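Input: a single structure, listed below in structure tokens.
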Amino acid sequence: MRVGCPREIKTNEHRVGLTPAAVREYVAHGHAVVLETGAGLGAGFADADYVKAGARIAPDARTVFAGSDMIVKVKELQPAEFALLNEDHILFTYLHLAPDPEQTKALLASGCAAVAYETVTDRNGGLPLLAPMSEVAGRIAVFSAAETLLKHKGGMGLLFCGVPGVAPARVLVLGGGVVGLNAARMAMGLGAEVVVLERSIPRMRQIDEVTGGRVITRYSSLHAIEEELPKADVVIGAVLTPGAEAPTLVRRDQLASMKKGSVLIDVAIDQGGCFETSRPTTHDDPTYVVDEVIHYCVGNMPGAVPRTSSEALNNATLPFGLALADRGLDALRADPHLAKGLNVLKGEITHPAVGQALGMDWRDPFGVWADTRARG
């Protein structure tokens, strides 16, 4: 198969869909790989590194798309890329379609097969291609919160870790999944007081065990959120419903109960955000203020550390990408977990959460959603 990797063009996105190490594996499997010139520079990989690994370098994205059967990216398609996609392409990347009807319509119109990293599953019900970026995002969220609390950044002037005799920041983490656990561990390690709200009792037990009881866990409820918000200096939104829009956990009227200069970090912004007042921001201009509460809603937090993120992402995506390159759509028939990553095929939505979020019909071409009752 011909595998193409264009340069990412989303604002402040420096990750790359294929590392040189990944390219070498594709080539070893007999595939031809082409990258857009400069695609890996932001992550520290020169064109020469890719040529050494066996890839060909193309002058622009149009050439990459035109000469490839499968497109491997990091972020969702940008409007400038919509017209480059056609019905013969397999697109393998993060899509986050539930809050993005414009991209969804473009994918449907192209006729392509679009496989989303964030909805591929594993035997344990996890999301193995989302997990590495969730780990990165959870950790970066804490660094970003600590910086945003500084007075010259608009915060209340609170030192995250405190000093002897002065209390540290109190961090409220909404959700105890991969993002939440990594955020909690990082915040705890930096000396903050940490509370995690979670609905899975086994997961709370796991968090308690992993952190040696140093992180407070509470069952997530409307009452618990209302009780914890006034105490928090930082709130990290870390909830996820695979493929669907994130639930709104904090309403605008609840901001009045929070401390002036406190910080909301919305890690779920790619899926629409979990705070009513969230809107996407960029690393160039990451924050805004609503009712004296600072909002940090960067949609590609892991893009701030593109070398680490690109390598971690490729470690996870490579086996699935090779399966698609080796077998095409037959790989979806052979692996129901990979098939659950399929969001769009031949002009139709193929993931129930995406269809339900956008109010559109969907179908199940590989029979992997038989246990899903609600349709369309």
Side-chain angles (χ1 to χ4, degrees), residues 12 134 136-163 166-176 179-197 215-216 218 220 224-239 246-305:
N12 296 128
S134 295
V136 173
R139 298 178 188 206
I140 286 181
V142 173
F143 294 144
S144 300
E147 183 179 31
T148 306
L149 282 173
L150 301 177
K151 193 67 176 179
H152 68 278
K153 292 291 186 178
M156 65 176 69
L158 182 69
L159 181 62
F160 195 80
C161 58
V163 293
V166 180
R170 184 177 175 97
V171 178
L172 173 63
V173 181
L174 302 178
V179 171
L181 176 58
N182 277 270
R185 291 179 64 188
M186 186 61 63
M188 178 192 76
L190 291 177
E193 182 181 16
V194 184
V195 179
V196 175
L197 300 190
V215 167
I216 300 168
R218 292 192 63 181
S220 183
I225 292 173
E226 289 179 353
E227 196 169 70
E228 290 294 339
L229 284 177
K231 304 175 187 177
D233 302 300
V234 172
V235 180
I236 297 176
V239 293
T248 299
L249 298 183
V250 178
R251 305 184 311 274
R252 177 163 187 168
D253 63 272
Q254 292 175 307
L255 301 186
S257 71
M258 298 182 65
K259 300 176 184 178
K260 296 179 181 180
S262 57
V263 178
L264 292 178
I265 306 282
D266 198 338
V267 187
I269 192 64
D270 270 341
Q271 293 292 130
C274 57
F275 308 131
E276 184 181 5
T277 44
S278 291
R279 58 176 172 80
T281 61
T282 67
H283 288 294
D284 282 340
D285 188 16
T287 64
Y288 60 92
V289 179
V290 177
D291 298 340
E292 300 185 274
V293 174
I294 302 171
H295 292 57
Y296 183 105
C297 305
V298 175
N300 60 331
M301 290 184 191
V305 286

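In this text, all values refer to a predicted model and were calculated from it rather than measured experimentally. Worth knowing before you read on, the calculation uses all heavy atoms, side chains too, and leaves out hydrogens, waters and symmetry mates.
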Residue pair Ala238 / Val179: nearest heavy atoms and the distance that separates them: CB-CG1, 3.4 Å

- prompt: Got a second to check how far Ile225's CD1 is from Ser257's OG, nearest 0.5 Å?
  reply: 11.0 Å

field: Worked check of side-chain contact (heavy atoms from CB on, under 4.5 Å) between His295 and Leu255
entry: CA-CA 11 Å; His295 292 57; Leu255 301 186; 3.9 Å; yes

query: Do Tyr296 and Val234 come close enough that some side-chain heavy atom pair is under 4.5 Å?
result: no

- prompt: Okay, side chain of Thr281, backbone of Pro286: is any donor-acceptor separation there less than 3.5 Å?
  reply: yes

query: Excluding sequence neighbours, so at least two apart, what forms side chain to side chain donor-acceptor pair (under 3.5 Å) with Lys259?
result: Asp233

- prompt: How about Cys274 and Val250: do any of their side-chain heavy atoms sit closer than 4.5 Å?
  reply: no

query: How many angstroms lie between CG in Leu264 and CG in Leu249, if you round to the nearest 0.5 Å?
result: 11.5 Å

- prompt: Between CG of Asp266 and CG of Leu174, what distance do you get to the nearest 0.5 Å?
  reply: 9.5 Å

- prompt: Looking at side-chain heavy atoms only, is the closest gap between Val171 and Val142 below 4.5 Å?
  reply: no

- line: Between Ala192 and Phe160, the two heavy atoms sitting closest are CB-CE2, 3.5 Å

query: Within the side chain of Gln254, is there an N or O that forms a donor-acceptor pair under 3.5 Å with the backbone of Arg251?
result: yes

Heavy-atom side-chain contact between Lys153 and Leu149 under 4.5 Å: no

message: Is any side-chain heavy atom of Ser262 closer than 4.5 Å to one of Val235?
response: no

Nearest-0.5 Å distance, CG of residue Asp291 to NZ of residue Lys260: 11.0 Å

message: Under the criterion salt bridge (Lys or Arg N to Asp or Glu O under 4.0 Å), I'd like the reasoning laid out for Arg252 against Glu276: C-alpha separation, chi angles, the key distance, then a yes or no.
response: CA-CA 6 Å; Arg252 177 163 187 168; Glu276 184 181 5; over 6 Å; no

Close side-chain approach of Asn12 to Val298, heavy-atom, < 4.5 Å: no

field: Min side-chain heavy-atom separation Met301-Ile265 under 4.5 Å
entry: yes

task: Output all residues satisfying salt bridge (charged side-chain N to carboxylate O under 4.0 Å, His left out) with Glu193, sequence neighbours left out; order by chain, then residue number.
output: Arg170

- prompt: More than 12 non-hydrogen atoms from neighbouring residues, nucleotides or ligands closer than 6.0 Å to NZ on Lys231, yes or no?
  reply: yes

Side-chain heavy-atom pair His283, Asn300 within 4.5 angstrom cut-off: yes

- request: Working to the nearest 0.5 Å, report the span between CE of Met258 and CD of Glu292.
  value: 12.0 Å

